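As the structure is a prediction and not an experimental result, all values here were calculated from the model.
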Amino acid sequence: DERSWLHMIDVLGATITGEAWDPALKPNMTFSHPWGAAPSNIIARQILGVEVDAPGASHVTITPHPASLAWMRGRVPTIRGSVLVDYSAKDKRLHVTLPGNVSGSVILYATDFDLGTQIRAIGGGMLTVESDDAHATITGLSPGTTSIYFGFLPIPGPKDEELHPVGATDKG
């Protein structure tokens, strides 16, 4: 309707958010207003999902919501440097790059990602992956790039008998 960003783009031809939804609501409206940058906050926080959750940006939690996007990539500045989020639906992967002296966590929701199969997380730090039907949480991200792959079949591992053959004892 008249009070929407889509109205500003389609009807008014705006390339930045104005002071009001339409000149009919505020005749002396301009398109050079500080509020014009407000939608970029939505992209950083709600789509890329980057949230600073510790003093001095020492820890971030990334909860991406790509919905039906084929890919998304963005840098979110923090006081310690930029956090990079790079997602590809085709490759079934998410790369998260943290600046120096920052730790992080990633939360993936089943509404956005295929969590019915194994999730692999590769990167520095002591990574742990916990998941259930609704979401997966990857903790222990350290500075540098962590790659998270989802939608793969489980990797077959050694059978229990191969780890502890019958008759073998553990000596500590």
Side-chain angles (χ1 to χ4, degrees), residues 4-6 8-9 14-19 31-158 163:
S4 70
W5 289 319
L6 187 59
M8 286 185 184
I9 294 168
T15 58
I16 189 168
T17 307
E19 292 179 74
F31 286 108
S32 60
H33 191 271
W35 195 75
S40 63
N41 179 47
I42 293 170
I43 293 169
R45 293 181 67 207
Q46 303 301 318
I47 299 174
L48 294 174
V50 177
E51 291 275 348
V52 171
D53 55 8
S58 62
H59 188 274
V60 295
T61 297
I62 297 101
T63 309
H65 295 287
S68 61
L69 293 174
W71 65 274
M72 66 181 183
R73 181 179 307 124
R75 280 186 198 280
V76 179
T78 74
I79 195 167
R80 294 182 188 229
S82 292
V83 174
L84 174 65
V85 177
D86 182 3
Y87 162 78
S88 169
K90 177 183 174 190
D91 298 333
K92 296 184 178 185
R93 61 114 178 109
L94 174 71
H95 297 307
V96 174
T97 304
L98 301 180
N101 209 19
V102 173
S103 61
S105 302
V106 173
I107 300 172
L108 306 175
Y109 284 95
T111 53
D112 292 305
F113 298 92
D114 178 7
L115 301 181
T117 54
Q118 186 174 22
I119 297 168
R120 297 183 214 170
I122 303 166
M126 296 293 292
L127 298 172
T128 60
V129 178
E130 295 179 11
S131 65
D132 57 31
D133 292 340
H135 70 284
T137 303
I138 300 98
T139 58
L141 279 73
S142 62
T145 300
T146 299
S147 298
I148 301 165
Y149 299 92
F150 44 90
F152 291 92
L153 296 175
I155 301 170
L163 295 174

Enclosure of Asp132 CG (heavy-atom neighbours >12, cutoff 6.0 Å)
yes

Heavy-atom neighbours of Arg80 CZ exceed 12 at 6.0 Å
yes

Applying side chain to side chain contact (heavy atoms under 4.5 Å, CB included), run through Arg73 and Leu84 and close with a yes or a no.
CA-CA 7 Å; Arg73 181 179 307 124; Leu84 174 65; 4.1 Å; yes

Give me the ring orientation class for His65 and Tyr109: parallel if the planes are under 30° apart, tilted from 30 to 60°, perpendicular past 60°.
parallel

So [Y] and [X], do their side chains get closer than 4.5 Å, heavy atoms only?
| X | Y | result |
| --- | --- | --- |
| Ile62 | Leu48 | no |
| Ile47 | Leu69 | yes |
| Asp86 | Thr145 | no |
| Val83 | Pro99 | yes |
| Ile122 | Tyr149 | yes |
| Ser105 | His59 | yes |
| Leu108 | Pro64 | yes |
| Tyr87 | Asp112 | no |

Closest heavy-atom contact between [X] and [Y]?
| X | Y | result |
| --- | --- | --- |
| Gly56 | Ile79 | O-CG2, 3.4 Å |
| Gly81 | Thr78 | O-OG1, 2.6 Å |
| Ala134 | Leu115 | O-CD1, 4.0 Å |
| Ala54 | Ser58 | CB-OG, 3.4 Å |
| Ile119 | Ala136 | CD1-CB, 3.4 Å |

To the closest 0.5 Å, what do you measure between [atom1] ([X]) and [atom2] ([Y])?
| X | Y | atom1 | atom2 | result |
| --- | --- | --- | --- | --- |
| Phe150 | Arg120 | CZ | CZ | 12.5 Å |
| Leu141 | Ile148 | CG | CD1 | 6.0 Å |
| Ser142 | Asn101 | OG | CG | 11.5 Å |

When you measure from the side chain of Thr146 to the backbone of Gly123, do you find a donor-acceptor pair of N or O atoms at a distance under 3.5 Å?
no

Quick one: which of Thr139, Ile107, Thr137, Val52 gives a side-chain contact (heavy atoms from CB on, under 4.5 Å) with Thr61?
Ile107

